[in-house]
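Just so we're clear, the structure is a prediction, and the values are computed from it rather than from any experiment.
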Amino acid sequence: MDELDLKGAFWLEGKADEPVMGHLTFNSKEWPTLELFGSLREDGEMSRDGESIRIHGLAGGKTLTLEGCSDAGTQLEMPGIRRERYHVWVILSGAHLSAQQLTQFTRVRCQLRDLERWVGRTGTDIKQPAGFPRESSGPITISHTLLDKLVGSSERGEVEVSFPITLNRDPFEARLRQRCSLAIEFAEPVSLEDALGPCPELQDLVSIGIDSPTVITEVSLSYSDSADAGPGGEVVDGTVKAYGRWRGDDTSRKAARAHPAMMLFTFDGIGDTAGIGRWLDTSAKYRAAIGPLMSHVYSPDTYADDKFLQIVIGAEALGRIR
């Protein structure tokens, strides 16, 4: 996932006229952190234990909503400058979202490392002359046919697999990359927490399938809010990109890319989108067991006794649910 290192202005929701300069950072190994050169609180006001706040900002050309910000310490520097630090649960880039809008998400889309290899669909065809590259001088032809999206269903809504491409037209370094993304179109608007919920569930499915921990590389959310209606009264839809501390982000894997011969099962092997829909329905029911059972997969350096404890916890949860 992209890293962030942004400097700009930040303020409490509804207090855009009281901005404070700050520095927002995020990388794959640490929680998003906001450091403010000033204070968002009234003089002498202290934060309550467990309290989280919502902060809006403009930094690095991005419109930001920082959700679930918790106090990470305050320093008082000479000559009386107060500096505050916050840990951020999730950064939403693309809009200043209100409490109401944060309950109106209609869609989540995520990309995972090795997802395209697990799905196993490509529209790219490469033709090269015999003897290439040593003994030939004929044309090399690379063609790509855009793939149609695949659609299925689950209890939470419509499941979609799509194949976006990126193209570099530089004649000396031409590149075409086909990606793969999984999306859930919710049957009805959901909260931010519920909208992000399918992402780790899909991550678990792909990790089990390729028999190796995968990581979430991109998450985007769509929302719809009648309070944000356009000039004609129509409902305005928006999309934001989400940055957070996903599981396995600190896994440094230098192994070869996933290959179907080494996978436990592929996308086709579980019944394509119908299989994903069944997994989402099942994982929602058994989430308390799947979490502990999968935790050590994303932390390969965990001590053996800790792994055993997590598996026992997961097995006990499974027994209680059943």
Please table the atom pairs, donor to acceptor, closer than 3.5 Å between any side-chain atom in residues 260-270 and protein atoms at least two apart or in another chain.
residue: Thr266; atom: OG1; partner: Gly269; partner atom: N; Å: 3.2
residue: Asp268; atom: OD1; partner: Arg121; partner atom: NH1; Å: 3.0
residue: Asp268; atom: OD1; partner: Arg121; partner atom: NH2; Å: 3.2
residue: Asp268; atom: OD2; partner: Arg121; partner atom: NH1; Å: 3.1

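Here the CG atom belonging to Asn27 is positioned 5.0 Å from the CD atom belonging to Glu30, to the nearest 0.5 angstrom. Rounding to the nearest 0.5 Å places CG of Leu182 at 9.5 Å from CD of Glu160. Going from atom CZ of Arg322 over to atom OH of Tyr286 covers 5.5 Å, rounded to the nearest 0.5 Å. The CZ atom of Arg278 sits 12.0 Å away from atom OG of Ser154, with the distance rounded to the nearest 0.5 Å. Rounding to the nearest 0.5 Å places NE2 of His56 at 7.5 Å from OG of Ser98. For the atom pair CD of Gln310 and NE2 of His296, the computed distance is 9.0 Å after rounding to the nearest 0.5 Å.
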Exercise. Kindly indicate, with the supporting measurements, whether the criterion salt bridge (charged side-chain N to carboxylate O under 4.0 Å, His left out) is fulfilled by Glu35 and Arg83.
Key: CA-CA 7 Å; Glu35 183 172 2; Arg83 298 180 63 168; 2.3 Å; yes

Quiz item: What do the steps show when you test Arg247 against Asp204 for salt bridge (charged side-chain N to carboxylate O under 4.0 Å, His left out), and what is the final call?
Solution: CA-CA 10 Å; Arg247 297 176 306 165; Asp204 287 340; 2.8 Å; yes

Quiz prompt | Derivation and outcome, side-chain contact (heavy atoms from CB on, under 4.5 Å), residues Asp125 and Lys127 | solution = CA-CA 7 Å; Asp125 181 55; Lys127 295 180 180 179; 3.2 Å; yes

Exercise. Please lay out, stage by stage, how Tyr223 and Leu97 fare under the test side-chain contact (heavy atoms from CB on, under 4.5 Å).
Key: CA-CA 10 Å; Tyr223 65 94; Leu97 299 181; 3.6 Å; yes

Practice problem: I would like to know whether Arg82 and Thr74 meet side-chain contact (heavy atoms from CB on, under 4.5 Å); could you show each step before the answer? | Solution: CA-CA 7 Å; Arg82 187 169 176 175; Thr74 301; 3.4 Å; yes

Exercise. Apply side-chain contact (heavy atoms from CB on, under 4.5 Å) to Leu280 and Val159, showing your working.
Key: CA-CA 10 Å; Leu280 289 171; Val159 178; 4.0 Å; yes

Quiz item: Should Arg109 and Glu218 be marked as a salt bridge (charged side-chain N to carboxylate O under 4.0 Å, His left out) after you check the CA-CA gap, both sets of side-chain angles, and the distance that decides it?
Solution: CA-CA 8 Å; Arg109 182 182 66 86; Glu218 185 176 311; 2.9 Å; yes

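Using a distance-only test at 3.5 Å, with no hydrogens or angles considered, no donor-acceptor pair links the side chain of Glu18 to the main chain of Lys15. The main-chain N or O of Pro292 is found under 3.5 Å from a side-chain atom of Ser295 such that the two form a donor-acceptor pair. With Glu201 contributing its side chain and Ala284 its backbone, the two residues share no donor-acceptor pair below 3.5 Å. Judged by distance alone, with hydrogens and angles left aside, the side-chain atoms of His144 form no donor-acceptor pair with the main-chain N or O of Leu176 at under 3.5 Å. Side-chain atoms of Arg113 come within 3.5 Å of backbone atoms of Pro213 as a donor-acceptor pair (strictly under, hydrogens ignored). No side-chain donor-acceptor contact under 3.5 Å links His96 to the backbone of Thr65. The backbone N or O of Trp31 lies less than 3.5 Å from a partner atom in the side chain of Thr33, making a donor-acceptor pair. Between the Ser299 side chain and the Asp301 main chain, no donor and acceptor come within less than 3.5 Å of each other. The backbone N or O of Ala174 lies less than 3.5 Å from no partner atom in the side chain of Arg169, so there is not a single donor-acceptor pair. A donor-acceptor pair is defined here as one N or O able to donate and one able to accept, closer than 3.5 Å; such a pair exists between the side chain of Gln203 and the backbone of Thr214.
Here the side chains of Arg287 and Lys285 are not in contact, with every heavy-atom distance at 4.5 Å or above. Contact of the Ile313 side chain with the Ile311 side chain is not registered, since no non-hydrogen atoms from C-beta on lie closer than 4.5 Å. A 4.5 Å side-chain heavy-atom check between Cys69 and His87 finds every atom pair outside the cut-off. When side chains are defined from C-beta on, Val108 counts as touching Cys199, because their heavy atoms get closer than 4.5 Å. In this structure the side chain of Phe105 never reaches within 4.5 angstrom of the side chain of Ser191, judged on heavy atoms. Residues Leu4 and Ile91 are in side-chain contact: their nearest non-hydrogen atoms beyond the backbone lie under 4.5 Å apart. At a threshold of 4.5 Å between non-hydrogen side-chain atoms, the residues Ser143 and Thr124 do not count as touching. Inter-residue side-chain proximity for Arg117 and Leu115 is flagged as unmet; no heavy-atom pair is nearer than 4.5 Å.
Residues Tyr243 and Leu196 share a hydrophobic cluster, clusters being chains of Ile/Leu/Val/Met/Phe/Trp/Tyr side chains in contact below 4.5 Å. Hydrophobic clustering, with ILVMFWY side chains joined whenever heavy atoms are under 4.5 angstrom apart, keeps Trp11 apart from Leu36. Linking ILVMFWY side-chain heavy atoms closer than 4.5 Å, directly or via other members, places Ile53 and Leu102 in a single hydrophobic cluster. The cluster map of Ile, Leu, Val, Met, Phe, Trp and Tyr, joined by side-chain heavy atoms under 4.5 Å apart, puts Ile290 and Leu293 in different clusters. Cluster annotation: Leu150 is connected to Ile276 through the hydrophobic network of ILVMFWY side chains, with a link wherever side-chain heavy atoms come within less than 4.5 Å.
When all heavy atoms are compared, the tightest approach of Gly60 to Leu6 is CA-CD2, 4.0 Å. In this structure, Gln111 and Pro164 approach most closely via the heavy-atom pair NE2-CG, 4.0 Å. Of all heavy-atom pairs spanning Ser283 and Arg156, the tightest one is OG-NH2, 4.3 Å. Of all the heavy atoms in Thr239 and Ser220, the pair that sits closest is CG2-CB, 4.3 Å. Counting all heavy atoms, side chain and backbone alike, Ala59 lies closest to Phe10 at CB-CZ, 3.9 Å. Pairing each heavy atom of Ile321 with each of Ala288, the nearest pair is CD1-CB, 4.3 Å.
A 6.0 Å sphere centred on CZ of Phe308 holds no more than 12 heavy atoms belonging to other residues, nucleotides or ligands. Few gaps surround CD on Gln128; more than 12 heavy atoms of other groups in view lie less than 6.0 Å from it.
Remark: of the listed residues Thr63, Leu66, Leu64, Leu192, Leu192 is the sole one forming a side-chain contact (heavy atoms from CB on, under 4.5 Å) with Leu92.
Side-chain atoms of Asp5 and His23 include a donor-acceptor pair closer than 3.5 Å. Judged by distance alone, the side chains of Tyr298 and Ser207 do bring a donor and an acceptor atom under 3.5 Å apart. Looking only at atom types and distance, the side chain of Ser162 has a donor-acceptor partner in the side chain of Ser181 under 3.5 Å away.
Salt-bridge formation is detected for the pair Asp2/Lys241: a Lys NZ or Arg NE/NH1/NH2 atom is positioned less than 4.0 Å from an Asp or Glu carboxylate oxygen.
Judged as a ring-ring contact (aromatic ring centres under 6.0 Å, His included), not a single pair has a partner in residues 157-198 (not counting sequence neighbours).
When hydrophobic residues (I, L, V, M, F, W, Y) are linked wherever their side-chain heavy atoms come within less than 4.5 Å, Tyr303 remains an isolated member.
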